[in-house]
Every structure is written in structure tokens, then in C-alpha cells.
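For reference, the structure is listed below as C-alpha cells.
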Amino acid sequence: MLLIKCPHCGERAELEFRYGGEAHIARPADPGAIDDSGWADFLYMRSNPKGWHAERWRHEFGCGRFFNAIRHTVSDRIVATYRSGDKRPDIASLEAAAKR
Amino acid sequence: MRFSIFSLARQALGGHAGWPVQWRSPEPKTSYDAVIVGAGGHGLATAYYLAREHGLRNIAVVEKGWLGGGNTGRNTTIIRSNYLWEESEAIYEHAVKLWETLAQELNYNVMYSPRGVMMLAHTVHDIQVFKRHVHANRLAGIDNEWLSAEQAKAFCPPLNIAPGMRYPVLGAALQRRGGTARHDAVAWGYARGADRLGVDIIENCEVTAIRRDANGAVTGIETTRGPIATRRLGVVAAGHTSVLMGMAGVRMPLESYPLQALVSEPIKPAIPCVVMSNTIHAYISQSDKGELVIGAGTDAYTSYSQTGALHVTTHTLDAICELFPNFRRVRMLRNWGGIVDVTPDRSPIIGTTPVPGLFVNCGWGTGGFKATPGSGHVFAATIARGEPHPIAAPFTLERFRTGRLIDEAAAAAVAH
């Protein structure tokens, strides 16, 4: 079970959270302007990386708020969590920090 | 060597010292007519049918680990075809029909055992959904029948149907032709069959890049055992499909999740069929060795870790103990995870891709084992002809653009 640090509440057990999928997928600013391929990209295509992954979590049985996390999908190690709307942290520098 | 009672007797008299190797371990050639990436059941079946039915002989199957070491060796071996939509019924029933004669076809005992798959209903919604499935299946000529709770217990005596359970058993849908097969034997049987038709199975050979020409068409792959040229590349890599397709610049509508299973210590024959409960996330059968084979739901988050969290298996064992109080003192021996590639509509993707010469067979999610023969059969035809086999045609990658999804997630018996 993961120990996840909610940016609002601190570290809690994974059971308090619900996974929300890949983060930073922005809804098209002008929905009428994009074609079917654009919608397919937005709705269905996912990067699904074997490595660092920016993802959404919701602290369902806590504050109820969404936030983002950077997790490695092989080790499942979370190196950073940050509030929704905040800029995605630079993964290279997090990686370097994780090695230290 | 053909397996028969005579070959067995002859080898027995010779102290079993004369059995030949079942498949070669060849060095990769520089070029093949077709290369399949992934030597699991689906990939090996694809190579087998390409060689047997489409006359291709110069084929390689490359595998980064060992043959059958991924999800083929990690699943709970359940076979059934009681899906809701016609497209799904067609492909899963195609597979069940092939399962029925597979051991004879391959001259290899895959231990297909149609012992019945029973899916439990615990709520009014379950009853309505399962009855809808029963009717849809019977209209499609697929056996599926509704049982009352008492009939379910008669079919599977250890089942607890006490009304005081947290999620009481209100009835069940039973597919009698459903059952199990021996997962390793399926990989070994297809590997042996493909090898005898000249297919090179190259293990410990990880693909590191996909080479393309100026028009974007596939020209070959780079591997840890050197470059291999080919004009037809079939990716059958389950949980790692996104990674491989990324090498050709193709984004996929896939997310990879750990799916856990576990087996108990061996016990005497105790459970005569497969029992599944999607509502409380548990499925169980008994292997011929006597182990209870138990499957859980997927973990919550995408991962390539091949493990999974303990609370997921604990949750499943809670359900098993409630359904089968007899098993409460049975100890579990091993648990593990496999990485399953899940599509948004929980249906597979089989077919061509935007890259000429690149074919993909993926997205089988939590239920790919049952489809192994059918999947390999239609994918081989798709690669050989360069266009989808009629049964595979609805399962294109293109459906995510057109919106013609095959939504088994909400509708059918997909355990999540």
C-alpha cells in the first residue's frame, strides 16, 4: 500500500485516496475547432509510460480535493505531490534529488 | 516426435531419457518475412497460425524474457464466451471453439477442462444484468443459463448461500462450456507447433527500437541481440504495448495495471467448477494439482511493477472466505501480479496501425487468456492479408476516433 502525501492533509494511507489517471490533460480550449482525432487524443490516448508519471489523485476520504503526484511506474515510488493547477515539477531534477 | 500412447510407452521403457527438445533455441537471422514481438500465448498462437494457415515459414517470435513468462504464466486460466455484445461474442466464441479441439490440433495436452463457469449475482442489478447476458448469449447461439441460488449450490456444493451474508448469493449465470486450461501447456504447445513449422522463437531478445523508411513503413527492429529486418511487425506485448508502440511514434489508448492472483496449498478436490463474482471482486477454481487458484481485481493505479498491493488480495480473500467458509483455514502459498493493458471500452485492439507494416494485438485487459487461440488465429490472418479478419474488424484502433466503441466495461462480465 502506498503512503501518499496529500498537499493539504499530509501523509495518509493509499486507502484514503482514489486514483484519477494521467494528469495535465487539458480539455480543448475551443472544442468546436478540433476534429475526431483531436477528441480521440483528449479522451482516450494516454502516455502510459514505463517510468515517471504525472497523475491525479483525489483524497476521497479526507479533504476530498484533487491533487497531482509524480510516481515511477516500475518502483511505484512517489517523489512529489503538488496542488492541482500548479506547474508540473521538472522530472530530471526530481530524479537527481531521488538519487541523492 | 508425435506424442501418443505408443511414444509414451516407448519412452517409459527407455527410462524417459529419449525425449527430444520441444523447440529449438535459434540465433536470430538478419531478416524475416514477419516478426512477432512477444512470446506469450497470443504471440505464439499468431506465429503458429501464420505458418500453418497462411504459408509463411520465415517467421520469428522475439521475446525479451522467456517464453510464456508474462501474463500467460500469471493468469487464472479461465475460459468462457458469455460476453454481451455481438462483436465480443464472435471473437470469444471463436476462441472457445478452437479450445475444444486445440489439444488434438497441437498434439499437445493443453488440459482444456470445460467444467463450467458460474458468475454470482449479489444484487438486483446483478440479476438484471446477468439475465440480459443469458438472453443475449442464447440469441447468439452461446450457452448460458440462469440458476437460482439453490441450483447454484447444487452445481457447486461448497458455495455459501446463507441469506445472512453481507452480499448474499441471489442466483448465478452458468456457462457449462466454460472452464479452464493449463496456461503453460498452451504456450508450450503453440511454441512446439510453431517451431515444427519453422518459426524461430528467440528468447532473451528485447526490442529496443523500431526502424522505418522514408515513407514511415516498418523496415525492421533493433534488439539486444542485434538488428532484424522485416516488413511485417506484429506487436503482441500486453502490458508493454504502449512502450513498444511509442518506438514507432504511435500513441495508444491503453493504461497498464497490475492484476494480482494467488494460489493456496494443494487440497483434495473441493470445488468442481469456476466461480466468479464481479461484485465482490473474487474468482476461484481448483487446479489439477489441488491448489485453489484465486484472482483479484486490478490495483488502483497504473504500474509496471508486476506485484501489486496486499490490501487488494486481502479484499479478495475476504470475499472468498465469505463465499466458501470451508476455505477459511486454507493457507496461501504464492501471490503475484501481471501487467494488463486496459482499453477505455475494455475490449481488445486487433489490427493495422497508422504505420505501414506495423500490426498490433493488445488491450485484452484482465481477460486475455480465454481468447488465446482465437486472438492468434484472427491476428495471423490480419497480418497475412494486411487487412483485418472479419471477426477482428470491429476491434480496430480506429474505433477510438470514430466512436464505435465496444463497451464491455459497463455491460459485460468484466471483473474489475
Side-chain angles (χ1 to χ4, degrees), chain A residues 1-6 11-26 28 31 34-62 66-81 91, chain B residues 64 206 237-247 249-258 297-315 337 339-347 349 353-354 362-363 396-405 407 409 416:
Chain A
M1 189 181 302
L2 301 180
L3 191 60
I4 301 172
K5 188 177 174 187
C6 170
E11 286 190 336
R12 302 290 178 88
E14 178 194 331
L15 284 179
E16 291 190 15
F17 298 86
R18 182 170 284 265
Y19 183 64
E22 187 172 349
H24 305 296
I25 298 175
I34 62 167
D35 60 5
D36 289 351
S37 299
W39 279 112
D41 280 343
F42 167 66
L43 289 171
Y44 301 125
M45 301 300 164
R46 295 292 178 264
S47 48
N48 195 26
K50 187 177 187 176
W52 295 107
H53 189 222
E55 60 195 20
R56 302 193 310 159
W57 286 84
R58 180 169 181 248
H59 194 185
E60 186 161 80
F61 301 109
F66 277 97
F67 60 92
N68 296 329
I70 304 284
R71 181 176 57 89
H72 198 282
T73 59
V74 177
S75 65
D76 289 334
R77 181 171 175 188
I78 295 172
V79 287
T81 56
I91 290 185
Chain B
K64 87 173 162 176
E206 183 173 354
H240 281 74
T241 303
S242 295
V243 176
L244 275 154
M245 296 299 281
M247 294 174 188
V250 179
R251 267 169 75 78
M252 297 297 288
L254 293 171
E255 289 185 306
S256 297
Y257 290 91
T298 53
D299 274 55
Y301 47 85
T302 62
S303 176
Y304 289 81
S305 65
Q306 287 193 328
T307 54
L310 193 59
H311 68 266
V312 175
T313 43
T314 309
H315 174 70
I339 302 305
V340 299
D341 43 330
V342 178
T343 56
D345 61 358
R346 302 301 193 268
S347 289
I349 299 167
T353 69
C362 66
T396 55
L397 182 56
E398 180 69 5
R399 76 177 185 269
F400 296 96
R401 196 181 68 80
T402 62
R404 292 192 67 85
L405 304 187
D407 187 12
H416 287 285

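This is a predicted model, so every value here is computed, not measured. Sequence lines set the chain letters: A, B, ... in the order given, protein chains first and strands last, and positions in each chain run from 1.
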For the interface with chain A, which of B/V243, B/L254, B/L310 has the highest count of heavy-atom pairs at distances below 4.5 Å?
B/L254

Against chain B, work out which of A/G38, A/G51, A/G21, A/A40 has the most heavy-atom pairs shorter than 4.5 Å and name it.
A/A40

Within the structure provided, determine whether B/H311 and A/L15 are in side-chain contact (heavy-atom separation under 4.5 Å).
yes

Correct closest heavy-atom pair for A/M1 and B/A309 would be N-CB, 3.9 Å

Side chains of A/R46 and B/S242: does their closest heavy-atom pair fall under 4.5 Å?
no

Please check this pair: side chain of B/S305 against backbone of A/S75, looking for a donor-acceptor N/O pair closer than 3.5 Å.
no

Report which part of A/R18 has an atom under 4.5 Å of a heavy atom belonging to chain B: side chain, backbone, both, or neither.
neither

A/Y44 OH to B/L405 CG distance, which is reported to the nearest 0.5 Å
4.0 Å

Within this structure, what is the CD1-NZ distance for the pair B/I339 and A/K50, rounded to the nearest 0.5 Å?
9.0 Å

Tell me, do A/D76 and B/Y301 make a side-chain contact under 4.5 Å, heavy atoms counted?
yes

Drop me the distance from B/E255's CD to A/H53's NE2, to the nearest 0.5 angstrom.
6.5 Å

Interchain contact, A/H72 with chain B, by part (heavy-atom threshold 4.5 Å):
neither

OH of B/Y257 to CG of A/N48: how many Å apart, nearest 0.5 Å?
8.5 Å

So, taking the atom named CG in A/D35 and the one named CZ in B/R401, what distance separates them when rounded to the nearest 0.5 Å?
7.5 Å

Using a 4.5 Å cut-off on heavy atoms from C-beta on, say whether the side chain of A/E22 contacts that of B/T302.
no

